Number of protein chains: 2
Amino acid sequence: MAQVRRMRADARRNRERLLVVAGQAFAEHGESASLEDIAKRAGVGVGTLYRHFPTRRALLEAAYLERIESIAARADVIAGELAPGEALVAWLDELAAGMLRVRGLRALLDTAVTDGGPAADRASCGDCVRGAVTRLVRAAQDAGTLRRDVEPIEVLRLVHGVVTAAESTRGEPGTSVRRYLSLVWHGLRA
Amino acid sequence: MAQVRRMRADARRNRERLLVVAGQAFAEHGESASLEDIAKRAGVGVGTLYRHFPTRRALLEAAYLERIESIAARADVIAGELAPGEALVAWLDELAAGMLRVRGLRALLDTAVTDGGPAADRASCGDCVRGAVTRLVRAAQDAGTLRRDVEPIEVLRLVHGVVTAAESTRGEPGTSVRRYLSLVWHGLRA
DNA sequence: ACCTGAACACCGTTCAAGT
DNA sequence: ACCTGAACACCGTTCAAGT
């Protein structure tokens with residue numbers, strides 16, 4: 001699936017349509033949106049969907065790749081603007097906000113967080129998020145702002161957990177998530 | 001479903017069998033265990049399962065009611081042995097451990113935590129857990145060990161999140177969950 | 001009053017046939 | 001090389017018929 005360029009014109013068009021529709025569907029119905037429905041709405045047979053994206057996760061990742069990458073990219077921008085400790089917190093805030101806004105993202109971070117199995121997702125979404133958090137965590141640790149005994153992936157897991165916690169609130173999960181994050185940060189701080 | 005006594009003998013027997021089998025099934029396959037399978041293993045028609053437990057959640061709650069109640073009861077025992085702050089921590093540890101051990105419990109706490117909708121689960125599992133955590137939290141707050149601006153249900157949510165986080169570890173989620181809990185506690189402490 | 005299981009609906013996944 | 005959609009499998013849920 002690496003070289004999208006070489007595909008036949010109709011194949012590329014179908015792939016693109018599937019991604020757009022999948023993005024909407026996942027945002028609407030969550031990670032378990034009906035694949036058959038996605039195919040139908042994209043105007044292709046189900047078989048075509050499976051040909052392009054053999055698993056649900058593959059489709060999910062492809063649909064949100066750009067968004068994930070842009071969040072990961074924000075890490076370096078923020079790192080240039082704030083002190084190591086604050087940079088990490090600020091980025092985690094953005095990450096959490098993104099996960100609350102787009103339901104599919106949570107399912108994805110789930111993979112990123114599940115101790116990237118060796119083969120699992122080479123060079124996929126998981127990698128760039130893990131890379132981003134690792135840089136920020138290490139920087140904060142070197143600056144003496146963050147406990148040394150915390151692994152980057154653990155921070156990711158905690159954010160995931162905090163978002164889970166915030167999602168079961170009645171109104172405004174955004175408010176809760178910020179509270180919870182600052183609370184966790186209190187515990188993580190050196 | 002309140003008066004189990006008044007049921008016909010065969011009905012009561014079926015109900016009991018369903019509960020036992022459901023307990024095993026949920027522990028094995030998680031909250032989404034096949035209901036048809038549970039009915040089959042219990043030696044009853046699916047219709048019977050639906051008659052006794054109209055929703056999946058009803059079955060889940062009934063299957064784990066005793067276990068939940070015993071966890072909730074532990075709260076008062078612990079409260080009598082430890083200082084308010086430590087009592088809360090100790091109980092949360094037990095709660096988290098229980099959720100890790102029995103997969104179905106997590107789904108249940110999920111309900112308990114989702115801001116008990118007015119009608120939702122009157123006098124069900126959710127209530128006794130919420131009651132237990134409320135007593136411990138208030139005591140810790142009165143003793144000045146816990147921040148005043150934290151709601152009991154928020155503590156429950158955080159535990160839920162922490163368990164979620166710990167579950168995506170390769171080995172020994174028990175170790176992680178204890179780390180994460182103590183970390184959250186650090187942030188919650190007055 | 002309660003049980004049974006066939007019947008229906010829905011969704012995921014595969015694959016033979018088509019272009 | 002890619003697409004289509006019928007076919008199969010599986011599961012949840014209901015309900016007419018039975019005791």
Side-chain angles (χ1 to χ4, degrees), chain A residues 1-64 103-104 107-108 110-111, chain B residues 1-64 103-104 107-108 110-111:
Chain A
M1 211 58 52
Q3 55 281 63
V4 181
R5 290 278 148 208
R6 290 192 176 196
M7 286 193 291
R8 227 167 60 177
D10 56 343
R12 213 164 63 227
R13 202 169 43 235
N14 284 336
R15 191 173 185 281
E16 209 49 50
R17 267 205 203 130
L18 280 167
L19 284 178
V20 172
V21 174
Q24 296 166 353
F26 286 134
E28 245 180 272
H29 310 293
E31 52 169 325
S32 58
S34 160
L35 296 185
E36 197 181 337
D37 207 63
I38 291 175
K40 203 168 291 169
R41 279 209 268 166
V44 305
V46 249
T48 303
L49 187 155
Y50 279 95
R51 159 168 277 268
H52 285 292
F53 310 102
T55 68
R56 175 181 293 274
R57 179 126 274 139
L59 179 57
L60 205 56
E61 292 206 352
Y64 287 123
R103 306 177 63 180
L108 262 181
D110 222 344
T111 326
Chain B
M1 212 58 55
Q3 55 281 65
V4 182
R5 290 278 147 207
R6 291 191 175 199
M7 287 193 290
R8 225 168 61 179
D10 56 344
R12 213 164 63 225
R13 204 169 41 235
N14 284 336
R15 190 173 185 279
E16 209 47 51
R17 268 206 203 129
L18 280 168
L19 285 178
V20 173
V21 174
Q24 296 167 354
F26 286 135
E28 246 180 272
H29 310 294
E31 53 170 324
S32 59
S34 161
L35 296 185
E36 199 182 336
D37 207 62
I38 291 175
K40 202 168 292 170
R41 280 210 265 165
V44 305
V46 250
T48 305
L49 188 154
Y50 280 93
R51 158 168 277 267
H52 285 292
F53 310 102
T55 69
R56 174 182 293 274
R57 179 126 275 139
L59 179 56
L60 205 55
E61 292 208 352
Y64 287 123
R103 307 178 62 181
L108 262 182
D110 222 344
T111 327

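In the text below, chain A, chain B and the rest are named by the order of the sequence lines, each starting its count at 1. Owing to the predicted nature of the structure, the values given are computational and were not obtained by experimental measurement.
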Next item on the list: List for me each residue that meets side chain to side chain contact (heavy atoms under 4.5 Å, CB included) alongside A:R13, sequence neighbours excluded, and say none if there are none.
Entry: A:D10
Margin query: Going by the rule side chain to side chain contact (heavy atoms under 4.5 Å, CB included), which residues pair with B:T55 if we only count those two or more places apart in sequence or in a different chain?
Written below: B:R57, B:A58
Next item on the list: Identify the heavy atoms of B:L19 and B:A63 that sit nearest to each other, and give their distance.
Entry: CD2-N, 3.6 Å
Checklist line | Least distance between heavy atoms, B:F26 atom then B:E31 atom | finding: CE2-O, 3.6 Å
Note to self: Between C1' on C:dC2 and CZ on B:R8, what's the gap in Å once rounded to a whole number?
What the structure shows: 4 Å
Notebook entry, point to check: Can you check the A:L49 CG to C:dC15 C1' distance for me, whole Å?
Noted result: 16 Å
Notebook entry, point to check: Looking at CD of B:Q24 and NE2 of B:H29, how far apart are the two atoms once the value is rounded to the nearest 0.5 Å?
Noted result: 10.0 Å
Notebook entry, point to check: Taking the side chain of B:Y50 as its heavy atoms from C-beta onward, which of D:dC3, D:dT14, C:dT14 lies nearest to it?
Noted result: D:dT14
Check: Base, sugar-phosphate alone, or nothing: which one does A:N14 contact when heavy atoms must sit under 4.0 Å apart?
Finding: sugar-phosphate
Please tabulate, for the side chains in residues 33-42 of chain A, all donor-acceptor contacts under 3.5 angstrom to protein atoms that are two or more places apart in sequence or on a different chain.
{"residue": "A:S34", "atom": "OG", "partner": "A:E36", "partner atom": "N", "Å": "3.4"}
{"residue": "A:S34", "atom": "OG", "partner": "A:D37", "partner atom": "N", "Å": "3.0"}

Next item on the list: At under 4.0 Å between heavy atoms, which parts of nucleotides 5-11 of chain D does protein reach? Answer with one letter per nucleotide, 5' to 3': B base, S sugar-phosphate only, - none.
Entry: BB----B
Note to self: Please determine whether a side-chain nitrogen or oxygen atom of B:H52 lies at a distance below 4.0 Å from atom OP1 or OP2 of C:dC2.
What the structure shows: no
Note to self: Which helical stems does DNA chain D take part in, if a stem means at least 3 consecutive Watson-Crick or G-U pairs with both distances below 3.5 Å?
What the structure shows: C:4-8 with D:12-16, C:12-16 with D:4-8
Notebook entry, point to check: Can you find a pair of side-chain heavy atoms, one from B:E61 and one from B:F53, that are under 4.5 Å apart?
Noted result: no
Margin query: Could you work out, with side-chain hydrogen bond (donor to acceptor under 3.5 Å, both in side chains) as the rule, every residue matching A:R17, not counting sequence neighbours?
Written below: none
